[in-house]
Amino acid sequence: MVKPAERSDGEKEFTFNHKDFDRVRGLIYQRAGISLSDSKQEMVYSRLARRLRATGLNSFSVYLDMLERESNSGEWEAFTNALTTNLTSFFREEHHFPILAEHIKKKSGHLRVWCSASSTGEEPYSIAICICEALGTIKPNLEIIATDIDTNVLGVAARGVYNADRIEKLPNDIVRKYFLRGRGKNEGSVMVRPELRSLINFESLNLLDDRWGLSGEFDAIFCRNVMIYFDKPTQSSILKKFVPLLKSDGLLFAGHSENFLYVSDDFKLRGKTVYVLASQEDKRKKLNSYDLNKG
């Protein structure tokens with residue numbers, strides 16, 4: 001079988017040199033804030049070669065010229081979608097969910113959670129299940145805003161239909177309560193129950209945009225395994241914009257390999273990659289500690 005991105009003789013279908021790669025890196029950084037390392041050159045070739053075929057172009061340089069020339073082209077969306085990594089699963093980094101449950105149990109009134117990188121939906125649905133279980137109802141007073149820059153995965157998330165193997169590690173009682181198993185031609189698939197889907201609004205959002213179009217404050221913000229794709233100035237800018245969107249006692253959930261302490265003074269670590277807003281006293285202590293270490 002011939003590999004999609006190669007000819008039968010093993011040569012690449014399209015010429016792709018380091019200059020082309022540098023242009024791609026510059027464009028995706030400007031558009032989405034994503035920093036691509038040198039090791040990603042083959043990945044970029046593989047994903048964007050599909051876009052060359054789809055557009056009928058035979059050269060990376062011509063394709064990139066088109067993007068630079070047509071700033072409002074619909075191809076920008078496809079370009080960004082192609083270079084966005086979407087690795088997710090139900091209850092990924094499960095240590096966060098008991099913390100969320102205890103936090104929610106202390107709250108009253110209308111609850112709001114923002115999942116800032118929803119991918120194909122497993123994370124916001126996990127958040128919804130966690131809160132339903134914590135409150136003992138499948139119809140809590142809850143609104144989850146689930147956003148992503150990749151419009152393709154948002155479509156998958158909004159449908160809420162998955163291969164059955166995606167939920168095989170979940171407890172049977174959770175599966176029975178929150179999923180419907182497909183029958184007949186849908187055998188082997190599961191669908192999230194409508195009651196759960198109704199708690200979530202899926203929207204397209206680029207964290208690099210100057211305005212996010214979000215109003216009000218959230219009891220929790222999930223921004224897990226997103227910042228690793230941004231450089232520190234971009235991380236700092238995004239964290240600064242989280243501040244007015246988080247309630248004074250709200251929680252910010254980060255990925256297991258992410259550390260915001262050296263990026264922002266606005267947050268302090270609560271533990272287990274969960275952050276809270278830093279007080280003025282916290283900021284003074286951090287500044288004094290920095291000065292002592294510097295001295």
So if you build clusters from Ile, Leu, Val, Met, Phe, Trp, Tyr with side-chain heavy-atom gaps below 4.5 Å, do [X] and [Y] land together?
{"X": "Leu111", "Y": "Ile145", "value": "no"}
{"X": "Leu261", "Y": "Val274", "value": "no"}
{"X": "Val276", "Y": "Val243", "value": "no"}
{"X": "Trp114", "Y": "Ile104", "value": "no"}
{"X": "Val263", "Y": "Ile238", "value": "yes"}

Within the supplied structure, the quantity of interest is the number of heavy atoms (other residues, nucleotides, ligands) at a distance under 6.0 Å from [X] [atom1]; does it exceed 12?
{"X": "Asn17", "atom1": "CG", "value": "yes"}
{"X": "Glu68", "atom1": "CD", "value": "yes"}
{"X": "His95", "atom1": "NE2", "value": "yes"}
{"X": "Lys40", "atom1": "NZ", "value": "no"}

Ring centre gap for [X] and [Y] strictly below 6.0 Å:
{"X": "Phe267", "Y": "Phe260", "value": "no"}
{"X": "Phe14", "Y": "Tyr63", "value": "no"}
{"X": "Phe253", "Y": "Phe218", "value": "no"}

Would you say the side chain of [Y] lies within less than 4.5 Å of the side chain of [X], judging by non-hydrogen atoms?
{"X": "Ser119", "Y": "Asp150", "result": "no"}
{"X": "Ile99", "Y": "Arg270", "result": "yes"}
{"X": "Phe97", "Y": "Ile127", "result": "yes"}
{"X": "Lys247", "Y": "Lys107", "result": "yes"}
{"X": "Val113", "Y": "Ile221", "result": "no"}
{"X": "Thr147", "Y": "Trp212", "result": "no"}
{"X": "Phe79", "Y": "Val24", "result": "yes"}

Looking only at non-hydrogen atoms, find the nearest pair between [X] and [Y] and report the distance.
{"X": "Cys223", "Y": "Leu252", "result": "CB-CD1, 4.3 Å"}
{"X": "Cys130", "Y": "Leu100", "result": "SG-CD2, 3.9 Å"}
{"X": "Pro124", "Y": "Phe202", "result": "CG-CE2, 3.9 Å"}
{"X": "Phe60", "Y": "Ala49", "result": "CZ-N, 4.0 Å"}
{"X": "Ala146", "Y": "Leu154", "result": "O-CD2, 4.2 Å"}
{"X": "Ser37", "Y": "Phe21", "result": "O-CZ, 3.3 Å"}

Please check if the side chain of [X] supplies one atom and the backbone of [Y] the other of a donor-acceptor pair under 3.5 Å.
{"X": "Ser46", "Y": "Met43", "answer": "no"}
{"X": "Thr80", "Y": "Trp76", "answer": "yes"}
{"X": "Asn163", "Y": "Asp165", "answer": "no"}
{"X": "Glu258", "Y": "Ile228", "answer": "yes"}

So Arg25 and Asp20, salt bridge (Lys or Arg N to Asp or Glu O under 4.0 Å) or not? Walk me through it. CA-CA 9 Å; Arg25 288 204 287 192; Asp20 296 325; over 6 Å; no
To the nearest 0.5 Å, what is the distance between [atom1] on [X] and [atom2] on [Y]?
{"X": "His110", "Y": "Asp219", "atom1": "NE2", "atom2": "CG", "value": "9.0 Å"}
{"X": "Leu199", "Y": "Cys132", "atom1": "CG", "atom2": "SG", "value": "5.5 Å"}
{"X": "Thr88", "Y": "Glu122", "atom1": "OG1", "atom2": "CD", "value": "4.5 Å"}
{"X": "Leu214", "Y": "Leu205", "atom1": "CG", "atom2": "CG", "value": "5.5 Å"}
{"X": "Ile131", "Y": "Glu133", "atom1": "CD1", "atom2": "CD", "value": "11.5 Å"}
{"X": "Ser118", "Y": "Phe222", "atom1": "OG", "atom2": "CZ", "value": "13.0 Å"}

Pair Lys106 + Asp249, salt bridge at N-O below 4.0 Å: no
Salt-bridge present (Arg51, Glu75; N to O < 4.0 Å): yes
Any chance you could lay out the side-chain contact (heavy atoms from CB on, under 4.5 Å) test for Asp266 and Leu239, step after step, and finish with the verdict? CA-CA 8 Å; Asp266 293 313; Leu239 289 169; 5.8 Å; no
Residues in salt bridge (charged side-chain N to carboxylate O under 4.0 Å, His left out) contact with Arg112, at least two apart in sequence or another chain: Glu143
With sequence neighbours left out, write down each residue that passes side chain to side chain contact (heavy atoms under 4.5 Å, CB included) with Met191, or none if nothing qualifies. Val161, Leu180, Arg197
Without hydrogens or angle criteria, can the side chains of [X] and [Y] be said to hold a donor-acceptor pair below 3.5 Å?
{"X": "Asp231", "Y": "Tyr29", "result": "yes"}
{"X": "Glu13", "Y": "Asn58", "result": "no"}
{"X": "His96", "Y": "Arg224", "result": "yes"}
{"X": "Asn186", "Y": "Ser189", "result": "no"}

side-chain contact (heavy atoms from CB on, under 4.5 Å) evaluation trace for Phe91 with Glu123: CA-CA 7 Å; Phe91 289 92; Glu123 182 165 290; over 6 Å; no
Residues pairing under ring-ring contact (aromatic ring centres under 6.0 Å, His included) where one sits in residues 151-178, two or more places apart or in two chains, turn out to be Phe90-Tyr162
